[in-house]
Amino acid sequence: MGSAFGTRLRSLREAKGLTLPQVADAAGCTRAYIWEPEKKPGQKPSAERIQAIAKVLGVTMEDLMG
């Protein structure tokens, strides 16, 4: 299981009905960039990517970061 950040990311992504590739494409990154935080502890994207992912998910950075 990933980090708390990764767990929130996956939960929010699934709640929106979005796949890894959909989020990655919309955020301008690779599928692996989204997959790693969801599955590997300690993995966090840069602040710019977190902002882009949050926008795709329709939440704030604070919501995504916890």
Side-chain angles (χ1 to χ4, degrees):
M1 178 65 75
S3 64
F5 167 77
T7 301
R8 280 189 298 279
L9 172 57
R10 183 175 184 172
S11 177
L12 290 165
R13 178 179 62 76
E14 289 177 344
K16 293 284 185 179
L18 297 171
T19 64
L20 284 168
Q22 288 172 323
V23 173
D25 288 346
C29 58
T30 66
R31 179 181 178 208
Y33 204 91
I34 303 298
W35 178 84
E36 285 185 0
E38 287 189 7
K39 300 294 181 185
K40 295 182 180 180
Q43 301 291 318
K44 286 188 191 171
S46 67
E48 293 80 18
R49 289 290 185 215
I50 292 171
Q51 185 175 21
I53 294 166
K55 185 175 179 181
V56 171
L57 297 175
V59 298
T60 66
M61 287 179 65
E62 291 80 15
D63 292 335
L64 186 54
M65 295 301 296

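- Judged as a side chain to side chain donor-acceptor pair (under 3.5 Å), and not counting sequence neighbours, Asp25 has no contacts.
- Every residue two or more places apart in sequence or in another chain was checked for a side chain to side chain donor-acceptor pair (under 3.5 Å) with Arg8, and none qualifies.
- Listed by chain and number, the residues in a side chain to side chain contact (heavy atoms under 4.5 Å, CB included) with Thr30 are Ala32, Tyr33 (sequence neighbours excluded).
- A search for salt bridge (Lys or Arg N to Asp or Glu O under 4.0 Å) contacts involving Glu48 returns nothing, not counting sequence neighbours.
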Without placing hydrogens or testing angles, list every side-chain donor-acceptor pair under 3.5 Å for residues 49-57, not counting sequence neighbours.
unit_1: Arg49; atom_1: NH1; unit_2: Ala27; atom_2: O; d: 3.1
unit_1: Arg49; atom_1: NH1; unit_2: Gly28; atom_2: O; d: 2.9
unit_1: Arg49; atom_1: NH2; unit_2: Gly28; atom_2: O; d: 3.1

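- Atom-to-atom distance recorded for Glu36:CD and Lys40:NZ is 4.5 Å, nearest 0.5 angstrom.
- Pairs of residues two or more places apart, or lying in two chains, that qualify as salt bridge (Lys or Arg N to Asp or Glu O under 4.0 Å) and include a residue from residues 11-22 are Arg10-Glu14, Arg13-Glu38.
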